[in-house]
Amino acid sequence: EAPAETETEAPATSHEHTRTGMSKASLKQAYIDNLFYIQGRFREVATPHDLYMAAAFTVRDRMLERWVKSAQVYKSSRARTVCYLSAEYLLGPHLANNLVNLGIAEVAQRAGEELDLDFKAILEEEEEPGLGNGGLGRLAACYMDSLATVQIPAIGYGIRYEFGIFDQIIEDGWQVERSDTWLRNGNPWEIPRPKISFPVMYGGHTEHYRDQAERPRVRWIPDMVISGVAYDTPVLGYGVGNVNLLRLWKAEATESFDFQTFNVGDYYGAVHAKIEAETISKVLYPNDDPEAGKELRLKQQYFFVSCSIQDMIRLHLNTVGPLETFHEKFVAQLNDTHPAIAVAELMRLLMDDHAVTWDDAWATTRATFCYTNHTLLPEALETWSVALFERLLPRHLEIIYEINRRFLDEVRVRYLGDEERVARMSLIDEAGGRRIRMAHLAVVGSRAVNGVAALHSELIKTTLLKDFYEMAPERFHNVTNGVTPRRFIVVSNPRLAELITEVCGHDRWIRDLDSLRELEAHADDPKLQARWREVKTAAKRDLAVWLKRHAGVLLDPQTMMFDIQAKRLHEYKRQHLNVLHIIRVYQRLKQNPNLGMVPRAFIFGGKAAPGYYMAKLMIKLINAVAEVINNDPQVNGYIRVAFMPDFNVKNGQRLYPAADLSEQISLAGKEASGTGNMKFSMNGALTVGTLDGANIEIREEVGAENFFLFGMTAEEVRRKQDEGYRPWDYYHGDQELKSDIDLIASGLFSHGDTNLFRPLTEHLIHQDPFMVLADYRAYLECQDRISTVYDRPAEWDRMSILNVARMGKFSSDRSIREYAERIWSIEPQPLGA
Ligand code: CR1
């Protein structure tokens, strides 16, 4: 029997009963119990991992009752529910975040101290679920946090990849990928639900028949059936009782399928079928953009979409009832086109399984889905070959054809005789091999379409989806991205959080980020500025210690400006523009060793898609430049270069607090939004950036005078491209630029090898699709201004304080409220903590 604790005695229906009390004493007792009863360990023999698991279970226990209660209230109130469909969730470590959201971070730390535990080491022990590539997956995770915090009933649906994004190590300056084995030691945050499982079919053919009521019907005879099993992770809001559900699907062989094979004695066949089924949720594709034609990826997409839609239908039939009201119970947000097949899947299930007519099914489908576009880059726009679809999803192909036939008839009636427009808008791209345009399917099947920052949403309307916008302008929206201040300030930067709370006199800002405005009044206060700087320096010191250990680079947090670019490696993000600036500073210092300059640490982090050669070469270049500079005693007191290996959520949390300068230097018109830009600025970094994505809105909010702007506008970029951009002219027209590129080509950074970086330098000089050379001069001039301001601490600190004070808009709570009001028409369901 559990020991009675007088201080927490309460009825067993409350959170405060003996097992899940929030007091320090309860936490200590629960921790020891969990260590013993779950891990089977005494303190004396417990491994660091045992110690972590006991902490995780202690925290999870405290979320479960809130979870059950939320489910009950949502069910009985028949609350409208958002289903977020996303192939990626880049969650980051759970433990620290859940402690904060439960409001027990401090008491837990004290309990840990009294148990003589190394609290930091326990937090470090957690292996993060890296079930995403970058911004898109992390956005989904921020939105899950905010949905719960603003108390919107929600289910996040996705894939429980056995291997998430690869771990990156750096060998000889090159990226090497290691498989991520996050599940190796078990995952205490998930609860398997073997009873919640659905069949998913592939291949085969369809049969058209008439049912008993003589209605024309279709049945799909697949040649492969697997099942998807639910794994649930609770997502608790900050300071509220609402717990939402993240339901990830794992692929397994269907039992009956298995047994059938066994019965005929085909043991190997049965095992093979099992392996083939499990392959589907085995690994996350490590690319930002889809690799053309990867059959397994289409299988993955259909797998999680089918399970999710079947689950939604089950929930609806269990709670509300008739399928005519499905779209009143649920709204489903498509996170990019990865889940766009959902449009055809809901149609199929309604018609084939539930005998709904086409017109009714279509009305329900179109009222259910909304689509968020996350990119305009042509290579990232998904299409699938008709042939592949026919082989894998024959029934869906029929449905897509019928959707297209009806849709194009509408277009024809609306725009008489404009067959070019019909071809442009078709769900099928007829040029070359016939391909299905997933973005068109998503648009036609949705009631709302949105971009992720103001400029991006404009560009969607005027370029990518112009024809669709003209036909139905009222369906196009903007919802600018946001990030959660819980993880990205409170958890990552506790010193800053504490200082803000002290200055504001409350911690309400954590869920009302607009109230950071109260800091404005203190921006010129030298006492606050001094403390602000201390907080920044302390974070820089932490990062320096980490980088010394993990990258072997020594940085001086006291004297150096920390200038950081952390994001996926991609040419459009222009890490090479940053490198050209570093080389320029290096050359200046070599020419004039007495040049009084602001010392800088140039820090990079980011993964490259394993098949993206140029991105990997950029990593090698950064490390090659680092090697030369860091070992050159003439300059290394002024500049150093560090590449942080394995940039992920956990490591990001080390970077954001430590940045003085945030590099957001993509070519205007290419970065849909960016979200790292927000995380840096929220932590007091100033931004050097182009007018791209959410940079534009960040600058609007913090004030032009507190933002370092450079470079061409999206409009200027377009004009220059139309005129015919010639990087060659820039190369020859700018002595310094030429000399910087030539220095790379000279072999200085490659031990004399003049071939190593040639693909990069030649590409810049001759193609330069992202106009690095055109923005080079403006970037350098801007960087010089930055150095000048950094030399005036009072001015810099004031700007830094104002950046934080004016970041309210970029809380994902604001984004979610906008989705709720403008797109989902959904009301909060408040539950007390
Ligand atoms: C965009 O490139 C944006 C995130 C989240 C990315 C980035 O600018 O911040 O989405 N797009 O909206 C993407 O991954 C597949 O597309």
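Both counts, for ligands and for their atoms, begin at 1 and track the order of listing. As the structure is a computational prediction, the values presented were derived from the model and not from experiment.
Thr480 and Asn478 share a donor-acceptor pair across their side chains, judged by distance under 3.5 Å alone.
Partners of Asp512 by side chain to side chain contact (heavy atoms under 4.5 Å, CB included), not counting sequence neighbours, listed by chain and number: Arg508, Asp514, Ser515. Checked against side-chain hydrogen bond (donor to acceptor under 3.5 Å, both in side chains), Lys461 has the following partners two or more places apart in sequence or in another chain: Glu458. In this structure, the side chain to side chain contact (heavy atoms under 4.5 Å, CB included) partners of Arg447, at least two apart in sequence or on a different chain, are Arg80, Val331, Cys370.
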If you look at each N/O of ligand 1, which protein N/O atoms lie under 3.5 Å away, and at what distance?
residue  : atom   : partner : partner atom : Å
ligand 1 : 2 (O)  : Tyr572  : OH           : 3.3
ligand 1 : 2 (O)  : Glu671  : OE1          : 3.1
ligand 1 : 8 (O)  : Glu671  : OE1          : 2.6
ligand 1 : 8 (O)  : Ala672  : N            : 3.4
ligand 1 : 8 (O)  : Ser673  : N            : 3.0
ligand 1 : 8 (O)  : Gly674  : N            : 3.0
ligand 1 : 9 (O)  : Gly674  : N            : 2.9
ligand 1 : 11 (N) : His374  : O            : 2.9
ligand 1 : 12 (O) : His374  : ND1          : 2.6
ligand 1 : 12 (O) : Asn481  : OD1          : 2.8

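Salt bridge present: Arg814 and Glu818 bring a charged side-chain N and a carboxylate O closer than 4.0 Å.
Between the side chain of Thr690 and the backbone N or O of Ser666 there is at least one donor-acceptor pair closer than 3.5 Å.
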